[in-house]
Amino acid sequence: MPHTEDLSDLLKQRLKKLQVLQKKGKTTFAYSFKDKQDIGSVTSKYFKLEASQEGEKAKIGGRIVAFRQHGKATFADVADSSGKIQLYFAADVLGKRYEELSELDIGDIAGFEGLVFKTRRGELSLKVEKYQLLTKSLRPLPEKWHGLKDVETRFRQRYLDLIANPRAREIFSIREKALRTIRNFLNDKGFAEVDTPILQPLYGGATARPFVTHHNALDRDLYLRIAPELYLKRLLIGNMEKVFELGRNFRNEGLSIKHNPEFTMLEVYQAYADYNDMMDLTEKLIKEMVNVASGSLKITYQDKEIDFSKFEKISMIESIEKLGKVKVSFDMNVAELKKIAKNNEIKLQDFWGKGHIINAIFEKLVEPQLIQPTFVTDFPVEVSPLARTNQKDENLAERFELIVFAREVANAFSELTNPIEQRKRFEEQIKTEARDEVPQVIDEDFIKALEYGMPPAGGLGVGIDRLLMILTDSYSIKEVILFPHLRTFE
RNA sequence: GGGCCAUUAGCUAAACCCGGCAGAGCAGCGGACUCUUAAUCCGAAGGUUACAGGUUCCAUUCCUGUAUGGCCUACCA
């Protein structure tokens, strides 16, 4: 039991009430409640009843969220995960048990049996014949009308957000549907869901700082994965032709409106396919997710209409000329490209070559303009260390990103399968991008695996949280993650 | 990491500019009421104004610091 001195009066009252009930031998924390019907199935079965008409008996349970007392009649609202229904307690039905109604409070979890009927005003209700406290609630719920608004409390005590705010429930229901859609979609197409290590002896597949942890028995450091990519490719080498992983990545970087240190990522790999196949797959998958989430391919995000019925396609260099209004090409020398970047207030790093500079120009001048779903293709090889070189231009990679509302939603490429070139790319990357904090090491075991032969393959990554932000019109990533990262304190 | 803003009762919030007894609604408590649904009506409560300092006769209000959160920015394919 919590210490009494720093408790609010409300909590003290409830604790006292609990003790009184327990002294009387009443159940205050029940073990179970069998044969409970979903409120949602009761309401959908009887919604057609006429006012004052009766249905059949039902047994329901849930959290009491409101009371309206009228002397010898009392109304209450009870909610479970499937819905909400009104309860009607009448003194002439309940007799002595009516007098004992005060053992129930708002917030309690309780079970009810009685006759389903519609009131004179047409509200579907349960005329309670038996009721039973299942769990006594000791703390007051947030306000019934305004709900819970304090952002910090909403995220720290998400359960209160879910109890009080219907919108929170909707968002996480959409999230659940979206995840199910991904699994069904890929299962139907013959992809196998796999689980690869989250604790990795080396990290790779992206550039980001990792979280470091320690295995005591082996006495060695391990990293929480920043991406599953290199393990999934090992599966392609192991003759698993179509695999996907839907899981958490961890990146030890700053927090923002679109960054949480752990986030959900979908990665899909298909042997004998290339980035054009992945583009096709991406478009179909995203369309299905949008449709499932909103029932339409046109949605509104932050007051802008986004139309998922058609996906634009443009190459990076083309987009810079068309939307960025500057001409860039790999025929220019580095000095010329740096000048363009400088003119547009783009910060450059010393080690950057043409590819990085062009990519930076794209991100600054073009990306913010890409609101409608757009595949941007043909990224510079220099910023695509795991992608295969474009057959027509060795400066470019067979890679695309799907941009929606200026955000990268998906990233895919024809996978680099040549172990000799892969080693070169890694070496290049380490030379130029060496980070001070954590050493970058080549994953020799991955190179070794490639040396056994990886089939040609297309790979795709989708940032699920960012996509869900768009699907649920959420401004912050915290809105779509059940327990977003917040500083903890005593 | 840097900048701006916020923190008042369990919840939603007023007063803060321009210093003078912190005012409500909901929830809770007592009472009336047998079809209400943000029920209604009557009554009595509930506050270390995030925390620690400072200025002042007087601080929720002005100043400084700390904590937490939000937004912007930086880092982050």
Side-chain angles (χ1 to χ4, degrees), chain A residues 7-14 16-17 51-52 65-77 84-94 98 102 105-107 117-125 127 137-157 160 163-165 205-210 226-227 229 249-261 263 347 349 355-356 359-360 362-363 367 376 379-380 382-387 397 399 401 408 410-413 429 433 435 437 461 463 475-476 478 484 486-490:
Chain A
L7 296 186
S8 75
D9 291 345
L10 299 170
L11 187 39
K12 283 183 199 158
Q13 273 171 20
R14 289 279 178 103
K16 205 174 157 195
K17 200 164 186 174
S52 302
V65 293
F67 265 114
R68 295 177 290 281
Q69 285 171 291
H70 300 73
K72 299 234 157 48
T74 293
F75 296 89
D77 297 328
K84 193 164 121 177
I85 194 170
Q86 174 170 267
L87 303 170
Y88 173 59
F89 302 88
D92 52 11
V93 175
L94 284 162
Y98 190 85
S102 64
D105 288 299
I106 289 177
F117 78 110
K118 257 192 188 166
T119 63
R120 281 175 221 160
R121 299 271 174 101
E123 172 90 13
L124 190 68
S125 308
K127 189 181 286 181
S137 165
L138 299 177
R139 292 179 186 269
L141 290 182
E143 211 246 352
K144 62 180 171 184
W145 184 242
H146 296 91
L148 178 66
K149 292 193 173 160
D150 183 82
V151 208
E152 191 176 348
T153 311
R154 285 188 46 229
F155 296 151
R156 280 195 198 281
Q157 296 175 272
L160 292 181
I163 292 169
N165 298 327
T207 47
R209 280 172 288 186
I226 58 174
E229 173 150 358
N249 288 348
F250 306 84
R251 297 190 184 171
N252 204 342
E253 309 283 355
L255 305 170
S256 88
I257 207 148
K258 43 183 187 176
H259 295 87
N260 195 61
F263 60 98
K347 274 190 234 159
Q349 305 216 37
H356 263 112
N359 185 54
F362 166 78
E363 284 179 5
E367 211 170 51
V376 176
F379 278 56
E382 196 187 316
V383 296
S384 315
L386 297 161
R399 171 180 172 189
E401 280 191 0
E408 301 147 25
N411 179 22
F413 27 91
Q429 197 187 7
E433 294 187 11
R435 294 272 210 119
E437 302 90 352
Y475 184 60
S476 166
K478 289 189 166 75
L486 297 175
R487 204 177 297 246
T488 49
F489 58 97
E490 278 299 295

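Labels below follow one simple rule: chain letters A, B, ... track the order of the sequence lines, proteins then strands, and each chain is numbered from 1.
The separation between A:Gln157 atom CD and B:rG10 atom C1' is 11 Å, rounded to whole Å. Atom-to-atom, CG of A:Leu10 to C1' of B:rG47 comes out at 13 Å; the value is rounded to the nearest Å. In this structure, the CZ atom of A:Phe379 is 12 Å from the P atom of B:rA77, given to the nearest Å. Note: CD1 (A:Ile163) to C1' (B:rC11) measures 13 Å, nearest angstrom. Look at CD on A:Glu152: it is 10 Å from C1' on B:rG70, rounded to the nearest Å. Summarising the geometry, the separation between NE2 on A:His259 and C1' on B:rC71 is reported as 16 Å, rounded to the nearest angstrom. Atom NZ in A:Lys149 sits about 18 Å away from atom P in B:rG25, given to the nearest Å. The distance between atom CG of A:Leu255 and atom C1' of B:rC72, rounded to the nearest whole Å, is 15 Å.
Rounded to the nearest Å, the gap between the C1' atom of B:rA74 and that of B:rG3 is 11 Å. B:rA24 and B:rG43 have their P atoms separated by 13 Å, with the value rounded to a whole Å. A gap of 27 Å separates the C1' atoms of B:rG20 and B:rG25, to the nearest Å. As rounded to the nearest Å, B:rA13 and B:rC29 have P atoms that lie 24 Å from one another. Across B:rC26 and B:rG69, the matching C1' atoms stand 24 Å from one another, rounded to whole Å. For the P atom pair drawn from B:rG2 and B:rC58, the interatomic distance equals 35 Å after rounding to whole Å. Only the P atoms considered, B:rC57 is 23 Å distant from B:rA52, to the nearest whole Å. Rounded to a whole angstrom, the distance from the C1' atom of B:rG31 to that of B:rU12 is 27 Å.
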Any protein N or O atoms within reach of nucleotides 1-6 of chain B? Criterion: under 3.5 Å, listing atom names and distances.
none

N/O contacts under 3.5 Å, protein versus nucleotides 36-41 of chain B?
from, atom 1, to, atom 2, distance (Å)
B:rU36, OP1, A:Arg121, NH2, 3.4
B:rU36, OP2, A:Arg121, NE, 2.4
B:rU36, OP2, A:Arg121, NH1, 2.9
B:rU36, OP2, A:Arg121, NH2, 2.2
B:rU36, O4', A:His70, NE2, 3.3
B:rU36, O2', A:His70, NE2, 3.3
B:rU36, O2, A:Arg68, NE, 2.8
B:rU36, O2, A:Gln86, OE1, 3.2
B:rU36, N3, A:Gln86, OE1, 2.7
B:rU36, N3, A:Gln86, NE2, 2.9
B:rU36, O4, A:Gln86, NE2, 2.7
B:rU36, O4, A:Thr119, OG1, 3.1
B:rU37, O4', A:Arg68, NE, 3.1
B:rU37, O2, A:Gln86, OE1, 3.4
B:rU37, N3, A:Glu123, OE1, 3.2
B:rA38, O3', A:Lys144, NZ, 3.2
B:rA38, N1, A:Trp145, NE1, 3.4
B:rA39, OP1, A:Lys144, NZ, 2.1
B:rA39, OP2, A:Arg68, NH1, 3.4
B:rA39, N7, A:Gln69, O, 3.4
B:rA39, N6, A:Gln69, O, 2.6

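Contact annotation: A:Lys127 side-chain N/O to B:rC35 OP1/OP2 distance is not under 4.0 Å.
Within the 4.0 angstrom heavy-atom criterion, no nucleotide atom of any strand lies near A:Leu94. Among the protein residues, A:Asp92 comes within range of the nucleic acid bases, having at least one heavy atom under 4.0 Å from a base atom. A:Pro380 comes within 4.0 angstrom of no nucleic acid atom, judged by non-hydrogen atoms across all strands. Residue contacts for A:Ala91: at a heavy-atom cut-off of 4.0 Å it reaches no nucleic acid atom on any strand shown. Using a 4.0 Å heavy-atom criterion, one finds that A:Tyr88 contacts the bases of the nucleic acid, with or without backbone contacts as well. Nucleic acid contact for A:Ile106: sugar-phosphate only, since backbone atoms but no base atoms lie under 4.0 Å from a heavy atom of the residue. In this structure, A:Ile257 reaches the sugar-phosphate backbone alone: every heavy-atom distance under 4.0 Å involves primed, P, OP1 or OP2 atoms, never a base.
In summary, the aromatic rings of A:Phe117 and A:Tyr88 are positioned with their centroids under 6.0 Å apart.
The CD1 atom of A:Ile85 sits 6.5 Å away from the OG atom of A:Ser125 when rounded to the nearest 0.5 Å. Rounded to the nearest 0.5 angstrom, A:Asp77 CG and A:Glu123 CD are separated by 7.0 Å. The structure places CD of A:Glu229 at 4.5 Å from CG of A:Leu386, a figure rounded to the nearest 0.5 Å.
Of all nucleotides listed (B:rA77, B:rC76, B:rC71), B:rC71 comes nearest to the side chain of A:Tyr475. When distances are taken from the side chain of A:Lys478 to each of B:rA77, B:rG70, B:rC76, the shortest belongs to B:rG70. Of the listed nucleotides (B:rC11, B:rG10, B:rG69), B:rG69 has the atom at the smallest distance from the side chain of A:Arg156. Of the candidates B:rC76, B:rG70, B:rA77, the closest approach to any side-chain atom of A:Phe155 belongs to B:rG70. Between B:rC11, B:rA77, B:rA13, one nucleotide has an atom nearer to the side chain of A:Leu148 than all others, and that is B:rC11.
Judged by distance alone, the side chain of A:Asn260 and the main-chain N or O of A:Lys478 form no donor-acceptor pair under 3.5 Å. In this structure, A:Arg251 contributes its side chain and A:Phe263 its backbone to no donor-acceptor pair below 3.5 Å. Although no hydrogens or angles enter the test, the distance criterion places no donor-acceptor pair under 3.5 Å between the side chain of A:Lys127 and the main chain of A:Ala90. Side-chain atoms of A:Arg14 come within 3.5 Å of backbone N or O of A:Ser137 as a donor-acceptor pair.
Side-chain contact between A:Lys144 and A:Val65 is absent, with no heavy-atom pair separated by less than 4.5 Å. With a 4.5 Å cut-off on side-chain heavy atoms, A:Arg68 and A:Gln86 count as touching.
Across all their heavy atoms, A:Ala227 and A:Ala206 have their closest contact at CB-CB, 4.3 Å.
The ring pair (Phe, Tyr, Trp, His ring centres under 6.0 Å) test applied to A:His70 returns A:Phe75, not counting sequence neighbours. For A:Tyr475, the side-chain contact (heavy atoms from CB on, under 4.5 Å) criterion is met by A:Ile257, A:Gln302, not counting sequence neighbours. The side-chain contact (heavy atoms from CB on, under 4.5 Å) search around A:Gln157 returns A:Thr153, A:Tyr159, A:Leu160, not counting sequence neighbours.
Looking at which nucleotide of RNA chain B each of A:Ala90 and A:Thr153 is closest to, the 5′-most match is held by A:Thr153.
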(request) Fill in the dot-bracket string of RNA chain B, one character per base: . for unpaired, | for a pair to another strand, ( ) or [ ] for pairs within the strand, taking Watson-Crick or G-U pairs under 3.5 Å. (result) (((((((..(((.......[...)))..((((.......))))......(((((..]....))))))))))))....
